[in-house]
Amino acid sequence: MSFRQGACVVTGSEDMCVYFFDVERASRAIVNKLQGHSAAVLGVSFNCDESLLASSDAKGMVIVWRREQK
């Protein structure tokens with residue numbers, strides 16, 4: 001992700017959450033956690049300017065997350 005300092009990875013999880021990890025941190029690497037799915041999150045994808053993130057789960061639900069404007 002390019003909107004912040006450092007290197008960040010986004011992943012879905014079997015605990016029904018989307019996690020943002022800072023790969024340059026030695027401890028407390030989780031930067032953010034999005035909750036809202038009712039099944040394991042199988043896919044995540046950003047749009048070209050990283051203002052939207054789509055995540056999908058095992059039950060077929062797709063959530064489009066919008067980054068808050070500063």
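- Tracing side-chain contacts under 4.5 Å through hydrophobic residues (I, L, V, M, F, W, Y), one never reaches Leu42 starting from Ile63; they form parts of separate clusters.
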| task | Take Leu34 and Phe20 through the test side-chain contact (heavy atoms from CB on, under 4.5 Å) and record every step on the way to the result. | result | CA-CA 9 Å; Leu34 302 177; Phe20 293 72; 3.7 Å; yes
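- Here the side chains of Leu53 and Val10 are in contact, with some heavy-atom distance below 4.5 Å.
- Minimum heavy-atom separation, Asp22 to Ala7: OD1-O, 3.2 Å.
- For the atom pair SG of Cys8 and CZ of Phe21, the computed distance is 9.5 Å after rounding to the nearest 0.5 Å.
- For Ser56, the side-chain contact (heavy atoms from CB on, under 4.5 Å) partners two or more places apart in sequence, or in a different chain, are Val62.
- In this structure a side-chain-to-backbone donor-acceptor pair under 3.5 Å is present from Asn47 to Leu52.
- Hydrophobic clustering places Phe46 together with Val18 (ILVMFWY residues linked when any side-chain heavy atoms are closer than 4.5 Å, directly or through intermediates).
- Residues Val31 and Val44 share a hydrophobic cluster, clusters being chains of Ile/Leu/Val/Met/Phe/Trp/Tyr side chains in contact below 4.5 Å.
- Separation of atoms OG (Ser51) and CD (Glu68) is listed at 13.5 Å; rounding is to 0.5 Å.
- Annotation: side-chain contact (heavy atoms from CB on, under 4.5 Å) contacts of Ser38 (sequence neighbours excluded): Asp57, Lys59, Met61.
- What you find for Gln35 and Cys17 is that their closest heavy atoms are CG-SG, 3.6 Å.
- Heavy atoms only, all atoms of each residue included: Glu50 and Arg67 are closest at O-NH1, 3.4 Å.
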